[in-house]
Amino acid sequence: MPATAATTATVRSAAAQSGAGGRSPRPGVTLGSDFLQLDIADAPPGGRTAWLADRLRSAIADGRLPVGTRLPASRVLAEELRVTRGVVTEAYRRLSESGQIAGRGRGGTVVVAAPARPAPPTAPSASDRPASPSPPAAGQRASRPRPARTPTTPDAFFTASPHRDGLVDALRGLPCRIDLSPGVPDLAAFPRTAWLRAERAVLAAATPADFGYGSPQGAPALRRAVVGWLARNRGIRADPDEVVVVAGVAQALGLLAQLLHADGVDRVAVEDPGSLGARQQLEYGGHTTVPVPVDAGGLDVDALRACGARAVLMTPAHQFPTGVVLDGERRRELLRWAAGGGVVIEDDYDAEHRYDRPPVPALRSLLPDGVCYAGSVSKLLAPALRVGWLLVPPHLRDALVTAKRYADLGNGVLTQLVLARLMDSGELERHLRHVRRRHRKRRDVMLRAVEAHLPGARVHGAAAGLHLMVTFADGPGSRVPDTALAAAALARGVKAHPLSWHRLTPGPPGLVLGYAAGAAHEIEEGIALIGETLATLPTAT
């Protein structure tokens, strides 16, 4: 398969694009705000204030900003959009004069106009729908997890089958000195003070009924808060009744596996490369996973049609592990495929963490009836909370709630109420801005370290997320199996994922390196040790 690095660049160019000090984007790159997915590049020259005011009016009118929503502080929104504060304050003034928002002192600027919900978006017409899918290609690989005893030494661990059941979980449990595993945010930055404050407020206001069994669908307060969060940050309009609270995306995939089986779907297409852990969730549920290549534009939709699968699992906003974004043309093709009867499972696993590119709206915002949307707070706050949400098309909703009921009777209610308070108060947005700055600095440290210590390495996906994908197109790394490199690095105390773990078809060797959870000096030392390790390994003949 050709290299999957849609956003590939040499390490030197990636570091230059990120900004030497991690403070400003490179010239010519326009950033935006996660709030309403605002992209200042859309504003006409000389009309930024009117454009911003119009976007806010539209969001109030269509319900993305319901009554009571607190708008971002003008300073914060101006900083995110890279405009003067006067642009934002003037836009707010215009909406205030028209009676749509009002200042509440320390309570901030709040929406006071009643929203009018629009009609749901229409699906593409029948004439736009693709033809029936072709039968699967001969020799298509269908992987299934094979339970086995977990290896105990680095060499045995990484030379074991990459499709072994629970391999990623087992790696988490192995001791190391420096952990560069992907998929973990800055856990040291967990907002303990804000969480304790919200927890005290929840307990003070809780009624005896709040300590009983909750709804398996989730606490109404959290479902309402999630709707507001998705509207503000992911462009999704939904009702609280559409949200089902789950124990993270892992449970969401397990529940969807049940629903798809009941609907006669037993083959699910997956991105290649793509998340090993997510793929194994489906395989454990009895599905055959079919690889579909990822290139510079994201998932190859033509290959998806050709494989014959009726459902696809994907990470369109920030593809794991390559970091590419599904481009506009591919999005349109995918939506036509879904409108023809396909089911898209959208894993929106770390879309909020972006540094050098504008925000990208979720696929669910474009075709609610064809997209199952899964998100969580694992990458926003901490995986230990085990709280996420799942939105499915209407015909699957009752079956989903039933499956959740029989799985665990529902998530813990008190944790849901605390999280709802953090979302409603704006604390979660404040936390996201805080960790985004920390993550970006660590990303830049890793970029410089890769440039200095890994000759011939190419960096992929540096503009967003919590990890980098590094491939070795030439140099010593191109002649060493990435599993051997990962095993030798672990023997020196450094933990990372070999890229081949996340592939179903052959490709260049590489590593998937997380940077969000480690201190800067650990990142620098870890990459240096990987470089030293690479220099000592015998190359393949």
Side-chain angles (χ1 to χ4, degrees), residues 132-148 161-169 244 246-294 299-301 303-316 319-321 334 337-338 340-349 363-364 370-376 388 390-393 395-397 399-404 406-408 501-505:
S132 299
S134 304
Q140 199 97 59
R141 180 174 185 173
S143 61
R144 289 188 182 275
R146 294 189 290 276
S161 167
H163 310 294
R164 186 185 301 278
D165 192 18
L167 193 62
V168 174
D169 292 333
V244 176
V246 293
V249 172
Q251 186 182 50
L253 295 178
L255 295 173
L256 286 173
Q258 296 180 42
L259 269 57
L260 291 174
H261 263 307
D263 218 20
V265 177
D266 58 4
R267 300 172 74 246
V268 179
V270 294
E271 297 167 316
D272 190 27
S275 168
L276 169 63
R279 186 173 75 239
Q280 288 183 334
Q281 290 288 339
L282 297 174
E283 292 168 354
Y284 185 78
H287 288 274
T288 297
T289 54
V290 183
V292 177
V294 173
L299 181 106
D300 185 336
V301 182
L304 171 63
R305 292 193 187 101
C307 81
R310 290 171 51 196
V312 59
L313 168 64
M314 54 191 307
T315 49
Q319 201 274 332
F320 182 91
L334 182 70
W337 175 83
V343 176
V344 177
I345 303 171
E346 181 177 16
D347 179 0
D348 208 25
Y349 77 105
L363 288 176
R364 170 81 187 194
V371 177
C372 301
Y373 176 89
S376 79
L390 179 58
L391 287 72
V392 298
H395 72 281
L396 294 175
R397 196 171 305 141
L400 173 61
V401 175
T402 299
K404 174 64 176 174
Y406 285 109
D408 56 16
W501 270 15
H502 301 284
R503 292 188 186 277
L504 281 170
T505 56

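The figures that follow rest on heavy atoms only: side chains count, while hydrogens, waters and symmetry mates do not.
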D266 to H261 - nearest heavy-atom pair and separation: CB-CE1, 4.0 Å
Under 3.5 Å donor-acceptor, H502 side chain and F320 backbone: no
Donor-acceptor pair, side chain of Q319 and main chain of P273, under 3.5 angstrom: yes
Minimal non-hydrogen separation, R279 against W501, with atom names: NH2-O, 3.9 Å
Closest non-hydrogen atom pair, P316 against E346: CG-OE2, 3.7 Å
Nearest-0.5 Å distance, CG of residue L334 to CZ of residue R305: 9.0 Å
Pairwise distance CG(L256) to CG(L396) - rounded to 0.5 angstrom: 8.0 Å
All side chain to side chain contact (heavy atoms under 4.5 Å, CB included) counterparts of V343, not counting sequence neighbours: L260, A311, C372
For H287 against R267, the heavy-atom pair lying closest together: ND1-N, 4.1 Å
Pairing residues for A269 by the side chain to side chain contact (heavy atoms under 4.5 Å, CB included) criterion, not counting sequence neighbours: V292, L304, C307, A309, V312
Shortest non-hydrogen separation from P393 to R364 and the atoms involved: N-NH1, 3.9 Å
For G248 against S376, the heavy-atom pair lying closest together: CA-CB, 4.3 Å
Qualifying residue for side-chain contact (heavy atoms from CB on, under 4.5 Å) with M314, from V294, I345, V270, L299: L299
N/O donor-acceptor pair under 3.5 Å between D272 side chain and T505 backbone: yes
Pairing residues for A399 by the side chain to side chain contact (heavy atoms under 4.5 Å, CB included) criterion, not counting sequence neighbours: L259
Check: T289 main-chain N/O paired with E283 side-chain donor or acceptor under 3.5 Å: no
Atom pair OG1/OH of T315 and Y349 - distance to nearest 0.5 Å: 6.0 Å
Side-chain heavy-atom pair L390, K404 within 4.5 angstrom cut-off: no
